[in-house]
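Residue numbers begin at 1 in each chain, while the letters A, B, ... track the order of the sequences. Values below: all heavy atoms of this structure, side chains included; hydrogens, waters and symmetry mates excluded.
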Amino acid sequence: MVEEQKILSILQSIPDPEIPVLAITDLGIIRNVNVIIPGTKLEIEITPTYSGCPAIDIISMNIRMQLMKEGYAEVIITKKLAPAWTTDWMTENGKQKLKAYGIAPPGNSVRSNPSVLFAEAVKVQCPQCNSWNTQLISEFGSTSCKSLYRCNSCMEPFDHFKCH
Amino acid sequence: MTDYILHLADNALILGHRNSEWTGHGPILEQDIALSNISLDLIGQARHLYQYAAELLNDGSTEDSLAYLRGPEAFKNCMLVEQPKGHWGTTVLRQFLFSAYQYPLYQQLSTSADEKLAAIAQKSLKEVTYHLRWSSEWVIRLGQGTETSHTKMDDAVQTLWPYTEDLLKYADDDLKTKWRNQLRDVFAKASLSVPVNMPMAIHRKTTHLADLLSEMQHLQRTYPNVEW
């Protein structure tokens with residue numbers, strides 16, 4: 001237990017490579033920590049966010065590097081696909097950090113129905129001026145996880161971390 | 001089983017690659033990015049599937065050797081995904097035809113007895129939801145747009161329809177019905193007609209796949225095991 005806590009706090013120090021204000025633990029991608037030989041060998045189960053997200057390989061590398069620096073000789077990183085990652089697993093702290101960074105955080109995810117076409121976009125608050133008078137520009141933004149919005153009040157564009 | 005996984009993986013990889021040909025060349029920036037994101041999702045799905053296939057083969061194959069070192073005769077993708085990208089309307093129509101098939105397919109596979117396949121399907125289904133919505137909306141926009149866009153969409157239907165039978169070759173009746181219903185619904189909204197009695201393509205008679213692979217694989221084949 002104590003060792004698992006120690007490992008978790010090490011993982012908390014590892015930032016997401018794309019959105020460095022977030023720790024990987026804020027994203028909800030760490031699914032399990034399994035100590036096999038105390039102090040020597042452990043397994044970390046992680047889950048990818050989007051299938052094509054290139055950050056998962058970098059994150060795995062950083063986890064391994066950091067844990068080996070802390071003295072672990074063998075670090076096994078297992079990718080667990082099920083249950084599928086959802087933004088519901090993002091910490092509240094993580095969501096606040098996103099907003100402060102200028103990215104509108106995800107709300108609670110709603111099961112999306114592909115047959116509902118031209119639906120009104122999810123209302124998202126502008127992270128810069130807090131206005132709700134915002135407009136979706138594209139559901140696909142700068143990375144797989146984000147969509148692009150524009151604020152009609154302060155006229156700034158901003159990214160929204162999509163509910164998934 | 002492994003052949004089926006490779007079929008799923010090859011579909012995703014080839015379509016991902018075809019879509020990526022638009023990156024930097026899309027008609028407007030936001031849609032260029034949208035299609036590139038869709039490509040990325042598809043390539044990510046292909047990776048998961050190739051990794052699983054490599055595990056099943058257990059002969060030293062890796063996701064990279066399966067993607068980059070097999071020749072066109074070994075690829076198991078359907079004909080639809082290897083067709084040239086054509087104009088923007090052709091691309092969105094092809095994406096729609098494929099996503100309308102992939103969505104109910106992944107729904108089915110999500111309850112597969114094979115845990116790994118079910119896990120990949122469940123995860124991919126979330127992404128395919130976006131692909132289906134995006135492509136449906138674009139088919140409707142262009143079908144209902146101007147006379148020019150409508151004519152181009154009609155042409156796109158004529159071009160791609162012969163490959164739809166091959167697309168559905170492994171589909172059961174339930175899947176075929178779901179695909180057809182989705183199609184009828186969106187085509188109606190787009191003022192496009194579903195073709196009847198159009199002859200279907202049966203055999204690959206073109207070099208599309210070979211040309212695609214020679215572009216996609218040439219770097220890895222020229223400099224084996226190169227990393228960057």
Side-chain angles (χ1 to χ4, degrees), chain A residues 18 28-29 31 45-57 60-61 77-89 106 109-122 135-150 157 159-164, chain B residues 12 16 20 28-49 51-52 96 99-100 102-104 106-107 110 115-141 178 181-182 185-186 189-190:
Chain A
E18 175 67 26
I29 59 174
R31 301 314 298 156
E45 276 176 12
I46 62 175
T47 188
T49 53
Y50 286 72
S51 293
C53 178
I56 194 75
D57 292 331
S60 298
M61 210 171 68
I77 299 184
T78 313
K79 253 191 257 175
K80 198 162 185 280
L81 292 182
W85 178 79
T86 160
T87 46
D88 291 348
W89 294 348
S109 71
V110 171
R111 195 72 167 88
S112 189
N113 185 347
S115 326
V116 179
L117 303 176
F118 302 109
E120 211 184 291
V122 169
Q135 181 189 352
L136 174 73
I137 298 178
S138 173
E139 220 178 349
F140 297 93
S142 52
T143 59
S144 299
C145 49
K146 302 197 215 98
S147 49
L148 184 63
Y149 276 73
R150 169 176 41 226
D159 277 328
H160 165 56
F161 203 113
K162 286 189 283 200
C163 298
H164 192 66
Chain B
S20 76
I28 35 175
L29 181 60
E30 284 77 21
Q31 301 314 318
D32 185 312
I33 291 172
L35 190 59
S36 301
N37 270 318
I38 291 175
S39 277
L40 193 58
D41 285 342
L42 287 168
I43 292 169
Q45 290 165 23
R47 284 195 68 190
H48 288 146
L49 290 161
Q51 283 166 19
Y52 185 30
F96 169 66
S99 297
Q102 223 188 13
Y103 184 79
Y106 280 160
Q107 276 182 319
S110 292
E115 266 179 32
K116 276 220 167 88
L117 187 54
I120 296 172
Q122 269 167 38
K123 187 170 182 62
S124 308
L125 185 61
K126 295 174 87 166
E127 294 153 8
V128 172
T129 305
Y130 289 120
H131 305 175
L132 181 55
R133 186 164 60 231
W134 180 86
S135 55
S136 300
E137 290 180 358
W138 270 103
V139 168
I140 293 170
R141 269 185 209 116
K178 290 201 165 105
N181 287 344
Q182 180 80 31
D185 184 53
V186 169
K189 290 180 177 135

Closest heavy-atom pair and its distance - [X], [Y]:
X	Y	value
A/T86	B/K126	CB-NZ, 3.6 Å
B/D41	A/Y50	OD1-CD2, 4.1 Å
B/R141	A/F118	NH2-CE2, 3.7 Å
A/T143	B/N37	C-OD1, 3.6 Å
A/P48	B/H48	CG-NE2, 4.0 Å
B/E30	A/I137	CG-CG2, 3.6 Å

How long is the gap from [atom1] on [X] to [atom2] on [Y], to the nearest 0.5 Å?
X	Y	atom1	atom2	result
A/S51	B/I43	OG	CD1	11.5 Å
B/L29	A/L148	CG	CG	8.5 Å
A/I56	B/R47	CD1	CZ	10.0 Å
A/L117	B/L132	CG	CG	8.0 Å

Just so I know, are the side chains of B/W134 and A/E139 near enough to count as touching, which here means a heavy-atom distance under 4.5 Å?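 The answer is no, as the side chains (C-beta and beyond) never meet within the 4.5 Å cut-off.
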For chain B, which candidate among A/S144, A/P83, A/P54 shows the most heavy-atom pairs at distances under 4.5 Å?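 When all of A/S144, A/P83, A/P54 are compared, A/S144 has the most.
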For chain B, find which of A/S147, A/S142, A/A119, A/G141 contributes the most heavy-atom pairs closer than 4.5 angstrom.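 Heavy-atom pair counts peak at A/G141.
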Which bit of B/Q51 is near chain A, if near means a heavy-atom gap under 4.5 Å: side chain, backbone, both or neither?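 Just the side chain, heavy atoms under 4.5 Å.
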Segment of B/L35 engaging chain A (4.5 angstrom heavy-atom cut-off):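 For B/L35, neither part sits under 4.5 Å from chain A.
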Look at B/A34, B/A119, B/A46 and state which one has the largest set of heavy-atom pairs under 4.5 Å with chain A.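 Option with the top pair count is B/A34.
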Heavy-atom cut-off 4.5 Å, strictly under: side chain, backbone, both or neither for A/K80 against chain B?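 A/K80 has no heavy atom closer than 4.5 Å to chain B.
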